[in-house]
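Shown next, in structure tokens, is the structure this report addresses.
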Amino acid sequence: MSEEKAKVELEQEEMAQDQAEQNEQAETEATETGETTDLAMEVERLQAQLQEQENRLLRNLADMDNMRRRSRKEQEDLQKYASQKVVESLLPALDNFERALAVDPNTATTESILQGVQMVYRQVMQVFEQEGLQAIESVGHAFDPHVHQAVMQVEDSKYKANVVVEELQKGYQFKDRVIRPAMVKVNA
């Protein structure tokens with residue numbers, strides 16, 4: 001009987017071990033199921049966040065694209081209408097030219113026509129000066145290849161060497177940029 005008793009005890013022990021393993025396995029499965037549920041919830045939360053970030057990125061890209069279009073349109077308009085202020089300023093001079101052309105040639109004197117042309121010239125020059133146009137001073141100044149274009153060289157005892165003697169065509173500077181150099185004669 002002791003053999004049977006040992007056998008029964010061994011079986012009970014094995015059954016207890018099996019039960020313990022089953023309990024352990026059940027606990028592990030319960031833990032895994034809980035973790036799986038937690039992980040599934042975490043994955044869903046992260047996917048929602050990702051979707052929100054993607055939507056935000058797409059909205060930002062659309063905003064940038066709209067801003068680029070607006071900026072391009074503003075620059076095109078700026079270039080298109082850049083000279084509007086100058087044109088508006090020159091309109092009174094144009095009106096005066098039209099009045100001068102409408103004068104009856106039989107009654108107009110040379111002096112009155114010359115006086116009218118001088119007034120229009122002053123109006124035009126005033127507009128240009130207001131916009132930043134300046135005539136380049138040449139005669140009596142040292143030759144500067146940045147603002148002068150020498151087309152002739154002469155010998156004149158009144159002037160030092162390399163000094164502008166005569167201006168053949170006026171040069172102009174717009175703000176800080178030479179837009180047409182003065183054509184000059186330079187003393188040798």
Taking 4.0 angstrom as the limit, do E52 and R56 come out as a salt bridge?
-> yes
So do K73 and D77 actually touch side chain to side chain, heavy atoms under 4.5 Å?
-> yes
Without hydrogens or angle criteria, can the side chains of E155 and N187 be said to hold a donor-acceptor pair below 3.5 Å?
-> no
Here the gap from N96 atom CG to L90 atom CG, rounded to the nearest 0.5 Å, amounts to 11.5 Å
Below 4.5 Å, heavy atoms only, C-beta onward: do V165 and V163 meet side chain to side chain?
-> no
Would you call L168 and V151 a side-chain contact if the rule is heavy atoms closer than 4.5 Å?
-> yes
Heavy atoms, side chains only, cut-off 4.5 Å: are V147 and P181 in contact?
-> no
When you look at CG of D176, are more than 12 heavy atoms from neighbouring residues, nucleotides or ligands closer to it than 6.0 Å?
-> no
Rounding to 0.5 Å, atoms NZ (K170) and CZ (R180) come to a distance of 9.5 Å
Evaluation steps, salt bridge (charged side-chain N to carboxylate O under 4.0 Å, His left out), between D65 and R69 = CA-CA 6 Å; D65 193 38; R69 270 193 230 120; 2.4 Å; yes
For Q169, look at atom CD and say whether over 12 heavy atoms of other residues, nucleotides or ligands are found less than 6.0 Å away.
-> yes
Tell me, yes or no, whether the heavy-atom count around Q53 atom CD, taken from other residues, nucleotides or ligands under 6.0 Å, exceeds 12.
-> yes
Can you tell if the side chain of V87 reaches within under 4.5 Å of the side chain of Y81, non-hydrogen atoms only?
-> no
Heavy-atom distance under 4.5 Å between the side chains of L133 and I179, does that happen here?
-> yes
Check whether any side-chain heavy atom of M64 sits under 4.5 Å from a side-chain heavy atom of R68, and report yes or no.
-> yes
CZ of F143 to CD of Q149, rounded to nearest 0.5 Å, is 8.5 Å
Looking just at side-chain N and O atoms, do Q47 and Q51 make a donor-acceptor pair shorter than 3.5 Å?
-> no
Verify the neighbour count for atom CZ of R45: are there more than 12 heavy atoms of other residues, nucleotides or ligands below 6.0 Å?
-> yes
